[in-house]
Number of protein chains: 2
Amino acid sequence: MKTTRQYGRRKVTLKDVAAQVGVSHTTVSNAYIRPGQLSAALREKIFAAAQELGYTGPDPAAKQLATGHSGALGFLFSEDLPYAFSDPAVLAVLNGVAKSCDEMETDLALISAGSSLRNMNTPVSLGNAAVDGYILYSVAPDSRCVLMAQQRNVPLVVVDQPRLDNVPYVGIDDRGAAYNAAKTLLELGHRRFGILSLKTAHDDYFGILTAKRRANIAHSTIAMRLEGYLTALQEAGIAPENVPAWEIPINSEESGAEGARFLLNRQNAPTAILAMSDRVAIGAMQTIRAAGLSIPEDVSIFGFDDIPAAALSDLSTIRQPHERKGMEAVRLLTQQDGRQNKNVILETELVARGSIGPAPKG
Amino acid sequence: MKTTRQYGRRKVTLKDVAAQVGVSHTTVSNAYIRPGQLSAALREKIFAAAQELGYTGPDPAAKQLATGHSGALGFLFSEDLPYAFSDPAVLAVLNGVAKSCDEMETDLALISAGSSLRNMNTPVSLGNAAVDGYILYSVAPDSRCVLMAQQRNVPLVVVDQPRLDNVPYVGIDDRGAAYNAAKTLLELGHRRFGILSLKTAHDDYFGILTAKRRANIAHSTIAMRLEGYLTALQEAGIAPENVPAWEIPINSEESGAEGARFLLNRQNAPTAILAMSDRVAIGAMQTIRAAGLSIPEDVSIFGFDDIPAAALSDLSTIRQPHERKGMEAVRLLTQQDGRQNKNVILETELVARGSIGPAPKG
DNA sequence: TTGTAAGCGTTATCAC
DNA sequence: GTGATAACGCTTACAA
């Protein structure tokens with residue numbers, strides 16, 4: 001991509017407009033940003049001249065260099081963009097961010113963490129993007145871009161992950177929500193549980209969630225959810241080591257289906273499955289039905305997120321206010337008036353649907 | 001959002017690093033962009049100093065001002081962002097764009113046309129974003145931002161809409177695809193058709209797609225699809241005026257359901273419905289079934305797009321290579337080496353599923 | 001291999 | 001209300 005000059009004609013600047021009208025370039029600048037400083041007539045005259053010359057307003061880069069801010073914010077994903085666009089939960093958050101940006105006339109730059117991690121040879125910044133601040137969305141705590149974002153010395157807000165000192169945080173009570181889900185199933189009489197966990201660490205492992213891995217969970221949201229589940233079960237006298245768990249490689253229906261196969265094929269297969277996302281749960285439901293079992297007569301299942309597909313699948317789940325997460329993040333980023341550490345914990349709601357029922361007799 | 005300086009410490013610049021190491025300004029700059037110009041040892045020394053001082057690389061704004069380009073591109077939606085994120089077809093395109101951007105290490109700025117249309121008092125540019133080029137995605141031809149984008153004097157690429165002189169274009173053969181859909185239903189013996197059309201103009205109208213509106217369709221993709229349908233029908237001896245059509249207000253399932261109610265409540269209700277999007281078709285299917293009719297025994301229905309939900313609903317449709325649209329757009333934007341007018345028309349595929357069948361007897 | 005100096009197009013300060 | 005002048009932080013001939 002070449003610069004404007006590729007077209008031959010030199011870029012039209014403030015100066016050109018000023019010359020045309022016969023005023024100083026300051027006055028033209030004022031016409032755009034301080035309307036009160038000149039007569040309406042002159043302002044009109046300037047705009048007319050600009051129009052005629054093909055001047056499209058102050059150059060964003062120059063403006064930013066002079067003012068120190070760009071009017072754009074960066075939304076930083078941990079996953080690659082293609083994945084992000086396929087996940088309804090991510091989209092809902094992004095939706096909220098977009099809404100708020102729209103209102104504030106702020107531009108939105110999408111930045112995938114993946115891309116920033118490539119150039120290991122050169123200490124690159126996070127994207128070439130000129131942004132006034134970053135929203136870190138569910139970024140792995142050990143990711144290099146966390147450090148990079150902090151070094152950049154612009155306002156930051158974290159959504160979901162990771163918890164950072166002196167950085168505002170938007171999230172939910174993952175632990176409490178998970179606790180309630182497990183509790184609900186316990187009250188229905190279930191005693192044999194299985195857990196479908198999202199990735200616990202930034203590696204390529206998937207399979208049985210071993211005790212060792214349980215103890216070293218890098219992703220705090222996952223750790224909290226697991227803790228919530230296990231705490232409820234433990235309170236009911238069910239020891240964590242007696243609760244089989246499967247760690248999936250990626251948040252998708254297929255992975256959920258695979259995890260469910262593991263759980264159902266064990267001795268003493270669970271009558272209740274706790275899944276850390278709706279996509280995983282929906283995949284698991286397919287496996288359950290394919291095995292000739294009924295939901296909820298034979299197996300109850302609980303999801304997490306309440307994506308649109310959950311209602312269609314009659315899946316019980318934890319409703320997260322995804323969109324509000326995004327909106328709060330923008331608000332926090334925009335209103336950062338000091339170093340105060342404002343956190344926002346949003347409410348979740350337990351949505352009971354047809355996927356859960358009393359534990360089967362016997 | 002304040003500038004960096006809010007934190008008290010002055011921003012670290014190239015100069016500071018240069019002073020620290022005891023070299024010039026330029027050498028430090030070279031360390032970042034022209035590694036060949038200095039010894040590896042010196043380069044390391046410079047990076048070390050940068051690290052120590054907290055220098056995070058050249059300031060994007062300053063860099064852009066000096067070089068003339070930003071390494072970012074703008075993706076311009078006609079709809080507001082929140083809508084865009086709810087439309088699977090839009091997302092798929094965005095996905096393709098994101099993929100390509102990722103590869104090229106280009107940043108992606110999302111810009112909704114809506115926001116640019118607000119400040120009518122000041123001639124604002126498209127977003128504050130400093131971008132090297134724009135992808136215009138399905139923007140209404142009469143939208144102000146088309147003009148604004150052109151004035152900005154940066155490379156442009158249009159996806160789907162509108163066709164612009166001297167601007168590369170990425171799209172499909174809407175007319176041909178629609179023609180094939182109608183043809184397929186004709187071959188199944190259908191004679192009574194109904195059309196569910198997307199918005200034809202940029203106003204608040206919805207309801208019967210009148211002859212007058214049919215003749216004044218602002219959105220070229222819609223015009224082409226309608227023409228494709230009607231041409232096929234006309235060739236089979238069915239006059240356009242005998243084909244009822246409903247124009248929906250917004251591309252959603254609800255609107256489709258409403259449109260289908262109109263079509264089914266008429267005298268001589270259609271046995272075949274041509275919908276211009278899958279979302280609309282899926283909404284219509286609900287109405288059809290709610291009316292006690294079977295698909296495809298009583299009514300056949302054809303969608304457009306092949307979004308994931310189409311397969312789940314067993315909906316026949318036209319598969320568009322959404323993702324490739326996005327990738328091609330980035331390619332065209334990036335490779336613009338002159339003023340040549342490269343257009344890309346991607347292939348579509350007719351996907352026949354269970355939603356179509358022979359016309360009912362009688 | 002390194003340094004000097006001239007921009008890049010704005011905004012901001014402060015006189016007039 | 002208006003206009004010089006100095007930043008803003010960097011890139012890039014060109015010179016050494």
Side-chain angles (χ1 to χ4, degrees), chain A residues 2-6 9-19 21-46 50 53-71 124-125 128 130 132 152-154, chain B residues 2-6 9-19 21-46 50 53-71 124-125 128 130 132 152-154:
Chain A
K2 310 290 172 44
T3 146
T4 290
R5 267 150 280 159
Q6 76 186 38
R9 42 176 155 150
R10 213 182 96 267
K11 184 163 185 176
V12 184
T13 74
L14 264 190
K15 238 175 212 160
D16 301 316
V17 179
V21 181
V23 294
S24 88
H25 74 274
T26 307
T27 303
V28 178
S29 177
N30 281 333
Y32 282 93
I33 46 182
R34 261 179 276 277
Q37 299 293 298
L38 11 34
S39 66
L42 179 55
R43 190 157 180 259
E44 278 314 312
K45 201 168 151 194
I46 288 173
L53 262 45
Y55 179 71
T56 45
D59 176 275
K63 180 178 193 155
Q64 181 184 351
L65 184 56
T67 60
H69 50 253
S70 68
V124 288
S125 65
N128 341 41
D132 296 336
R152 206 112 154 23
N153 212 14
V154 294
Chain B
K2 310 291 173 42
T3 146
T4 290
R5 267 148 280 158
Q6 76 186 33
R9 42 176 155 150
R10 212 182 98 267
K11 182 164 186 176
V12 185
T13 73
L14 262 190
K15 235 175 213 161
D16 301 317
V17 179
V21 181
V23 295
S24 94
H25 208 169
T26 313
T27 305
V28 178
S29 177
N30 281 333
Y32 283 93
I33 45 183
R34 259 179 277 277
Q37 299 293 298
L38 12 36
S39 66
L42 179 55
R43 188 156 180 260
E44 277 316 310
K45 201 169 154 192
I46 288 174
L53 262 45
Y55 179 71
T56 47
D59 177 274
K63 180 179 194 151
Q64 181 183 353
L65 186 55
T67 60
H69 50 251
S70 68
V124 288
S125 66
N128 340 41
D132 297 337
R152 206 114 156 18
N153 210 15
V154 294

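Chain letters run A, B, ... following the sequence lines, proteins first, then strands; residues in each count from 1.
Contact detail for A:V12 and A:Y55: the closest heavy-atom pair is O-CD1, 3.4 Å. Residue B:L65 comes nearest to A:L65 through the heavy atom pair CD2-CD2, 3.2 Å, listed as atom of the first residue, atom of the second, then distance. Counting all heavy atoms, side chain and backbone alike, A:A50 lies closest to A:Y32 at CB-OH, 3.5 Å. Shortest non-hydrogen contact noted between B:H25 and B:K15 is CE1-CE, 4.5 Å.
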Indicate for each nucleotide in nucleotides 10-16 of chain C, in 5' to 3' sequence, whether protein heavy atoms under 4.0 Å reach the base (B), only the sugar-phosphate (S), or nothing (-). BBB----

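The end-to-end axis angle of the helix from C:dT1-D:dA16 to C:dC16-D:dG1, rounded to 10 degrees and based on five pairs per end, is 30°.
Side-chain contact between A:L42 and A:T27 is present, with at least one heavy-atom pair separated by less than 4.5 Å. Counting heavy atoms from C-beta on, the side chains of B:K45 and B:V23 never come closer than 4.5 Å. In this structure, A:T13 and A:D59 have side chains that are not in contact, with every pair of non-hydrogen atoms separated by 4.5 Å or more.
Distance, B:K45 NZ to C:dT1 P: 15 Å, rounded to whole Å. If you measure from atom NE2 of A:H69 to atom C1' of D:dG9, you get 16 Å, rounded to the nearest angstrom.
Phosphate proximity of C:dG3 to B:T27: present, with a side-chain N or O under 4.0 Å from OP1 or OP2.
Note: B:E44 CD to B:S39 OG = 10.0 Å, rounded to the nearest 0.5 Å.
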